[in-house]
Amino acid sequence: MLTCRLPRLTRLYSVASSLKVANSFIDAIGNTPLIRLKRLSEETGSDILAKAEFMNPGGSVKDRAALFVIKDSEEKGELKAGGTVVEGTAGNTGIGLAHVCRSKGYKCVIYMPNTQSQEKIDLLRMLGAEVYPVPAVAFENPENYNHQARRHAEKLPNAVWTNQFDNIANRRAHLETTGPEIWEQTNGLVDGFTCSTGTGGTLAGVTRFLKEKNPKVKSFIADPPGSVLYNYFKSGGKVLNERSGSSITEGIGQGRVTTNLQPDVDLIDDALYISDEKSIEMVYRLLDEEGLYVGASTALNVVAAVEMAKILGPGIQSSY
């Protein structure tokens, strides 16, 4: 989610886009539009712009990470024709991987917490993935779904564990695609960026790119209940293991600082704690006011963008 200065609105939409034919599922990933959220923009005096990642062919931002972690394995010679891709995921990365694997002719194996929705499990299996729902336990536990995925890959020939949480090819996807798209789509007028984190790849990659383009761009992490990252950033990195509550959101929040996030921790300007109540309210606001039907995790990002806009103030470049 982005925050831009309202007075420059007319310049944001001066770049015409041309339609082209994608040669494959993979070629259709990325280049998603920005959507201005009209009512929220009017309320805050800033342009609240949503990156429409649901327009990726697999339906989420995780298509980008899925493509890049597979490409990384191919480039390193770790994955060859007919191989198997194994991952631990709460859902959307698995969906992206299943699509990309099907497109490239790889087998796909997914381990996921058994707290995730049955719809995600059914979709993954329909896409051809083997799915293993396992008890949800902390990362430190050897039976955590990520560790089980790693062990599964180690037992197979021509197989890789793509390790989305600590594989920086995930971060690179956003450094090389999402960040540049945002910069170009806003003509370099973006003032702030915020999103929640699971792996941390989106936040880290986009933040790094935008800060390198303009150090005045602000980056806020949006965190749900049950995650430790809000307290980590608010304490200046002193408090990491303090969890409080749980959340209805799926696939976001974290109990540690991942390898994807670690290199860019110092670039994050602030953290926002977003309650489930606010996220649920925003789900219905977006549906009623914008015609956008999104889940709680996306709604959380929108709440964070609104709070960021209120903190930074309308049209004030020096506060960014």
Side-chain angles (χ1 to χ4, degrees), residues 1-4 9 11-22 25-42 44 46-68 91-93 95-96 99-100 123 170 173-199 201-203 205-207 209-210 217 219-220 222 249-252 274 279 282-306 308-309:
M1 291 299 307
L2 314 174
T3 301
C4 295
L9 171 63
R11 294 180 58 190
L12 295 179
Y13 303 95
S14 62
V15 179
S17 61
S18 58
L19 296 175
K20 63 179 182 179
V21 176
F25 175 94
I26 289 166
D27 292 329
I29 295 173
N31 293 309
T32 57
L34 289 175
I35 299 175
R36 180 176 182 263
L37 303 180
K38 185 174 184 293
R39 185 73 64 85
L40 296 172
S41 296
E42 292 171 350
T44 60
S46 298
D47 284 313
I48 305 298
L49 306 178
K51 190 81 163 111
E53 291 297 282
F54 59 83
M55 294 182 69
N56 281 304
S60 84
V61 66
K62 295 299 187 177
D63 285 3
R64 299 178 189 260
L67 176 59
F68 269 69
N92 285 338
T93 300
I95 293 168
H99 276 291
V100 174
L123 176 57
N170 175 347
H174 304 287
L175 188 59
E176 295 183 11
T177 70
T178 319
E181 288 172 27
I182 290 169
W183 185 259
E184 180 180 354
Q185 289 168 325
T186 62
N187 286 339
L189 300 180
V190 56
D191 294 303
F193 175 75
T194 182
C195 72
S196 55
T197 67
T199 65
T202 305
L203 181 68
V206 172
T207 295
F209 181 87
L210 295 179
V217 174
S219 176
F220 288 11
T249 57
E250 293 186 349
I252 60 172
I274 310 298
S279 296
M282 187 59 73
V283 166
Y284 290 99
R285 282 202 63 180
L286 291 171
L287 181 59
D288 292 340
E289 298 171 7
E290 307 290 344
L292 291 170
Y293 178 51
V294 301
S297 300
T298 298
L300 181 147
N301 289 339
V302 178
V303 174
V306 170
M308 176 187 230

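Both backbone and side-chain heavy atoms feed into the values below; hydrogens, waters and symmetry mates do not.
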Closest approach of [X] and [Y], non-hydrogen atoms and distance?
X    : Y    : result
A299 : L286 : CA-CD1, 4.4 Å
A222 : N301 : CB-OD1, 4.5 Å
T194 : A304 : OG1-CB, 3.7 Å
I252 : S297 : CD1-OG, 3.9 Å
A309 : T44  : CB-CB, 4.0 Å
M282 : L40  : SD-CD1, 3.9 Å

Interatomic spacing from [atom1] in [X] to [atom2] in [Y] - rounded to 0.5 Å:
X    : Y    : atom1 : atom2 : answer
T202 : F193 : OG1   : CZ    : 6.5 Å
L292 : L287 : CG    : CG    : 8.5 Å
I274 : S196 : CD1   : OG    : 9.5 Å

Find out whether [X] and [Y] are in side-chain contact, i.e. whether some heavy atom of one side chain is under 4.5 Å from a heavy atom of the other.
X    : Y    : answer
N170 : T93  : no
F209 : I182 : no
K62  : T199 : yes
V61  : K51  : no

- Which residues share a side-chain hydrogen bond (donor to acceptor under 3.5 Å, both in side chains) with T249, sequence neighbours left out: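 Result, side-chain hydrogen bond (donor to acceptor under 3.5 Å, both in side chains) vs T249: S247.
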
- Name all residues meeting the side-chain hydrogen bond (donor to acceptor under 3.5 Å, both in side chains) criterion together with S279; count only those two or more places apart in sequence or in a different chain, and write none if there are none.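 By the side-chain hydrogen bond (donor to acceptor under 3.5 Å, both in side chains) rule, S279 matches no residue at all.
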
Just jot down the side-chain contact (heavy atoms from CB on, under 4.5 Å) partners of [X], sequence neighbours excluded, or say none.
X   : result
A52 : P33, I35, F54, M55
N31 : E181
I26 : S24, L67, V100, S103, K104

- Task: Identify, with sequence neighbours excluded, every residue that meets salt bridge (Lys or Arg N to Asp or Glu O under 4.0 Å) alongside E53.
- Result: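 Partners of E53 by the salt bridge (Lys or Arg N to Asp or Glu O under 4.0 Å) criterion, ordered by chain and then number, come out as R64.
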
- Message: Taking salt bridge (Lys or Arg N to Asp or Glu O under 4.0 Å) as the definition, give me every residue that meets it alongside E289, ordered by chain and number, with sequence neighbours left out.
- Response: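 Listed in chain order: R39, R285.
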
- What residue among L34, L210, D47 forms side-chain contact (heavy atoms from CB on, under 4.5 Å) with V190?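 The passing option is L210.
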
- Message: Given D63, which partner from the list N92, T32, N56 fulfils the side-chain contact (heavy atoms from CB on, under 4.5 Å) test?
- Response: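 Per the side-chain contact (heavy atoms from CB on, under 4.5 Å) rule, the option paired with D63 is N56, out of N92, T32, N56.
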
- Item | Residue list, ring pair (Phe, Tyr, Trp, His ring centres under 6.0 Å) with H99, at least two apart or on another chain |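 Once residues adjacent in sequence are excluded, the partners of H99 under the ring pair (Phe, Tyr, Trp, His ring centres under 6.0 Å) criterion are F25.
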
- Task: Report the C-alpha separation of V294 and V302 in whole Å, then their side-chain angles, then the decisive distance to 0.1 Å, and conclude whether the side chain to side chain contact (heavy atoms under 4.5 Å, CB included) test is met.
- Result: CA-CA 10 Å; V294 301; V302 178; 6.0 Å; no

